[in-house]
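Lettering follows sequence order; numbering is per chain, from 1.
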Amino acid sequence: MSGAPRVPASLVGLVGFFAIWEVASRTDLVPGYYLRPPSVVLPTMVTLLGDPEFVRAVVATLAATLLALVIAVLIAVPAGLVLGSVPPVRRAVMTLVEFLRPIPSVALIPLALLTFGTGPDTKITLAVYGALWPILFNTMYALDEVDPLHVETARAFGTGRLGLLGRVALPSAAPFVLTGVRLSFAIALAVVISTELFSGGTIGLGQVVNVASGGGLNMDTVLAGTVLAGLIGYGANAGLELLHRKAFAWSQPKVGAE
Amino acid sequence: MNMLEVDGLGHTYKGKDGSHTAIDGLDFTVGAGELVCVVGPSGCGKSTLLRTIAGLIRPSRGTVSLHGNKVDGVPSDLAVVFQDYSRSLFPWLSVTRNVEFPLRTLSRTEREARAVEALAAVGLSTAGKKYPWQLSGGMQQRVAIARALAYRPSLLLMDEPFASVDAQTRFELEDLLLRIRREQDTTVLLVTHDIDESVYLGDRVLVLSKSPATVVAHLDVPLGPVRDQITTRASDDFVELRAKVAGLLQGAPVTVR
Amino acid sequence: MNMLEVDGLGHTYKGKDGSHTAIDGLDFTVGAGELVCVVGPSGCGKSTLLRTIAGLIRPSRGTVSLHGNKVDGVPSDLAVVFQDYSRSLFPWLSVTRNVEFPLRTLSRTEREARAVEALAAVGLSTAGKKYPWQLSGGMQQRVAIARALAYRPSLLLMDEPFASVDAQTRFELEDLLLRIRREQDTTVLLVTHDIDESVYLGDRVLVLSKSPATVVAHLDVPLGPVRDQITTRASDDFVELRAKVAGLLQGAPVTVR
Amino acid sequence: TLSGCGLLGGDDNTTSSGSTGSAGAVEKAKVKVGVLPVVDVAPFYRAIEQGYFRDQGLDVEPVVMASGAASINAVLSGDVDIAFSSYPAPLLAQSKKVAEFKIVADALTAKPGHIVVVAPPNSPLKKPTDAPGKKIAITARNTMTDLAPMSVLKTQGVDYTQVEWREMTFAEMIPAMERGEVDGAVVVEPWVTTAMKKIGAVPVFDGASGPTAEMPMSGYVAIGGTGKFASTSPNTIAAFQRGLAKAQAEATDRTKVEPMFVKYAKIDQQTAQLVTIATYSTSLEANRIQRVANLMQEFGVIKGNLDVASMIPSSTSNK
Amino acid sequence: MNRVTRTAQRWVVFAVAVGLWELVTQLAKAAEAEKSFFFPPPSEIALTAKDLWFSSAFGDHIVPGISRMLGGWALAGVIGIALGILLGRSRRAMAYLGAVFNFLRSIPPPLLVPFFVAAVGPTNMQFPTIVFGAIWPVLLNTVDGARGVDATKVETARVFRLSRAQWTFGVVLPSALPKVFAGLRLSLSIALILMVISELIGSANGIGNQLVRAQRDYEPTAMWAWIVLLGVLGYLFNTLLLVLERRALAWQPRHSLETQALATGG
Ligand SMILES: Nc1ncnc2c1ncn2[C@@H]1O[C@H](COP(=O)(O)OP(=O)(O)OP(=O)(O)O)[C@@H](O)[C@H]1O
Ligand SMILES: Nc1ncnc2c1ncn2[C@@H]1O[C@H](COP(=O)(O)OP(=O)(O)OP(=O)(O)O)[C@@H](O)[C@H]1O
Ligand SMILES: [Mg+2]
Ligand SMILES: [Mg+2]
């Protein structure tokens, strides 16, 4: 989701969201002691960001997420290219993939803990596992949409299979692959935080939230962590979108509908 | 020696709801360095013929041989200008990069030199940095031509390559093609709808029947290797030949009310 | 009364790296029921002109008026045959459905009748159930023509509509267009590269200069409303006019080496 | 492995020199302990802060886990040497022969007010006999939160099988009670205090009364067997026990543990002052912990007999 | 290629993987390897699964879980497609809403639980959690697809002054459809995953609930049986969705033609 050209408009949406939340928790709509209003949560977040220990936790979460994302891209893009272009391999592998895909990382936490221990390996492994799929699928589907005439053109000029994948399939699939990466970032972040939340062991935003929620409705911190996770994802998305605009300057500015 | 030999060639497109025979039992040969024009009614199978020769589709029947070897897969040293030129350009590459695309094996400087030369030849010297969608239809078509020329193939297949350019440019591109063919000894198979063009350009004209395409006639064009837009087109031989081609095509009219 | 009035029309495409003025200061009018042909060098701005008239792009300067009303947005009762016909067909619809697509206000049976009629008129009676990618280039172009005709617009804009069909079909489609124009009193603005065609079809021929396009000449074609492929083209008036148009175009040659 | 990267929050493998304790030299100076952010481990943190472990030659590193089950898994994987957990999890694991669990220290023993069945003011659940047919929130089945109240209800002759247990986190129990989605909840401190403060919840009955009075709630476990920490490091365990015991003994003074609540369990200052402080055990007695095993057996969580005495490491200094 | 070889291709890797799994776990078990308790051989899992799946658990846990998941997925699909078309084709909607959505979709579902608990209570939050989490792949992919409508087709639609419905359902949706399906397939497994996650909290039943209970009770075979069930369900639903996709995209020439071209290229 990009193309928010004017900053004010995008702020309007976000401010509106916080306003609804504020009103909801200030009135009797929802229990205000539980869903603390943003006027309390946001300052808490700012205060927490001044706490080096908290910042360390955020950095740990972020680093694990980014590492997982990079690994996921390195695995999923080549895999997607191969699966998308070689039907026999696709047929052979997809059955297994379709069995594995719906297995939640959260369900695997105990096993991952036993296998990888309490270190960051556990959360990174699980995050890679979760983040693979959007990139893999979007790569495969984008390949299906490559213009056949592009393929024919390249083949007529003697482009080999690798050249087809690298010089035709990949560039034309790239925008959609990047959408997959944007989806995957959110998933990697979710899995990292969930693992911290449900397993613990390593420092991170999820653990901060988990510890805070054990202390008797310490919802300010819990929600501050939640908002921060949202902001991190928002920032990462903005970065990826900038990359998109830079990298795909060629893609025709599409005619806006009315 | 025959560069290209087409022997009993036939192709049937298979679909869920019935199949369609596009070409059937085509036989003809093209000598090295020859320029053969193909004419035939719309939808008769000309593009299909070019695709099978390029090895892009495997024909249902018959064979295509290049230098005596049966074509199975895309032969090397071949360039195609597709009828749907706009879709055959890569939108993520600038015009220059599109032209350079097939020249991977050359050094960078050589690649650039070739692209510059080819773009200049088709009158697009200033458009190199643009992306295809920033060009007009005729300009896109000329980029596709430049790409094929820059590749310097020994066999050049062109599918209505000048359909979208104005008359003046068309004449110039025709002469360009003739010159390049002479200089590089390229074998050319060119599909066109313009009967005058087929006679003006061709050493021979291959007239196809309506779908499924079969060879109606194979006319020699005894106009000599050097031709001129004004004198050639005014010559008696030319006028006679174009009437002959038109007559042959009339013999296979499409049903338009 | 003037159906279409173009007044000081200019358009500049803005890009990251510089802008490009495609057309500049165009002035002309088209009367109701007139058929005006537009000729001009490749890339001069003909398609841009049609797009501004269709209200698809807002011109940088000047105005377009239809029936005296300034065009702002797409006017009703308008059909366009795009130069890039293959992309303007919807691949997920069969040929018949593509033709029926704009006819939503009609009843189902009427829609079908119109589609059948239009497809027959362009010689594609048997292709109705196929998908666009199963057709040849020329057939796709004819589907696009059929779709525009079935819509029965009062203003018809056509961008090189016959570029991909063979000579014989082209003649037949030209006559079809003339007949429909007569019967339905449609106003037509047609871009073509074929000088003969522009004279054969047009009540007037608009000659444009090379980019940025300006009006070089506005020729009346006094050949009368009923024309015939053989006699008209052989007439002295015709020959003279086509020489004139060619001369005017020569005055603005594109630089092709 | 990836854990080397400090940014990611991996352990920083600082080796401690470790001064010698009173008894034999420790086999392993660096000890990782999986703990939870709960009141039970307040003395453990105090022992670290006061250097009681250091005095014993130990460099103890707390690893904060998310749940007792995660803590047990961490000790099973060998990633931590000692794990804190409430008792049912390791006892169940022991009964299923997952591994040879050794209880190295007792953490907390319930006192009235520590584990309480509470209800919102307008709830139909007012006394234990109201319980059948009511929805009561617990953290999970087969934990102290359901075993303890079931035992109390059973001795009072109330049909505990008719209670509808709803699993959720402590934090969610409070809005759930207020919205009437549950009629009551089994909470432990600091949630007893929080529930009273936030929605005026009232105690219905104490979870640690009658048969469950003075029930041991939680402890520290390690894995025994050949080559495992509990077998190879008896001196280390003894040193850990001594260090912890010192802090546990001091915990009768609430000013010593309250700061730990605030700092490590993130309980706010006000609540921390109101929290009922249970008994921090200073000895490790098999027969007391056996009560938990028996309770679990009684309600069918553990099949067959489980002898807790076999789970006490031989080196233990206490009886 | 005939049907038999295709089917064989489809299952050979799967079969080999299961075979290896069996072999390794059996060896580990025989050697009484550490942690082998937690990794039972698939043959044992299958036996447990047979008992578990076809017991009263089917009605008590499997059916409620699946209905929540399917309902949530369907709703997420509808909302995701509708919003995706809106955001993909309207600059203004994107300007106002893009930021909020990018913010919201980055919040890990478990952290969102407080919002849903506050809004609908802890015992009812499963459905909104599933819907909320499963929307994003459909939404983002639809936005991409809607935005990617070919410029000439947009102009064609505008020239013929199509009605809004015709434009949306006749042009934008069909051209976005391949991407929408990629999103729907991703969402399907995410819905299944969120079903499990949401059932960990506040739910008295469901597959996730049973899975966690098995974990807590140290019954790894049962735990694996539930995990395998998730795999089986995911596979089944995905297969059904693929059938639907093939029908909806029957007009595409690509499925055979182009992959073929890529495969035999060079
Ligand atoms: N979207 C665009 N962005 C920038 N420049 C454009 C764009 N579209 C067209 N142009 C430029 O505007 C000029 C006129 O283009 P146009 O398509 O109108 O030409 P044309 O007369 O239709 O040519 P042809 O006969 O080759 O189709 C060209 O030089 C082209 O490069
Ligand atoms: N992919 C396809 N599937 C099915 N039928 C096809 C396919 N491509 C072409 N055809 C059919 O084959 C016939 C020949 O098509 P072809 O494109 O070769 O014609 P053509 O001679 O190039 O026509 P034109 O001059 O109009 O471009 C046509 O009737 C067309 O409908
Ligand atoms: Mg063709
Ligand atoms: Mg044009």
Quiz prompt | D84(B), part contacting chain C, at a heavy-atom distance under 4.5 Å | solution = side chain
Exercise. Between chain C and each of S125(B), S164(B), A127(B), count heavy-atom pairs under 4.5 Å; write down the option with the most.
Key: S164(B)
Practice problem: Using side chain to side chain contact (heavy atoms under 4.5 Å, CB included) as the criterion, point out the one residue from S42(B), C44(B), S47(B) that pairs with S136(C). | Solution: S42(B)
Quiz prompt | Heavy-atom proximity to chain B below 4.5 Å, by part of K129(C) | solution = neither
Exercise. Report the distance from atom CD of Q168(B) to atom NZ of K210(C), rounding to the nearest 0.5 Å.
Key: 11.5 Å
Quiz item: Tell me, side chain or backbone of R87(B) under 4.5 Å from chain C's heavy atoms, or both, or neither?
Solution: both
Practice problem: Decide if atom CZ of R242(C) counts as having more than 12 heavy atoms of other residues, nucleotides or ligands within a radius under 6.0 Å. | Solution: no
Quiz item: Looking at G40(C) and D166(B), what are the two nearest heavy atoms and their distance?
Solution: O-CB, 3.7 Å
Exercise. For R182(C), look at atom CZ and say whether over 12 heavy atoms of other residues, nucleotides or ligands are found less than 6.0 Å away.
Key: yes
Quiz item: Which answer fits K46(B), side chain, backbone, both or neither, if we ask what part of it has an atom under 4.5 Å from a heavy atom of chain C?
Solution: neither
Self-check item: Gap between atom NE2 of H20(C) and atom NZ of K130(B) - 0.5 Å precision
Solution: 4.5 Å
Exercise. Might you confirm whether atom CD of E240(C) has over 12 heavy atoms from other residues, nucleotides or ligands at distances under 6.0 Å?
Key: no
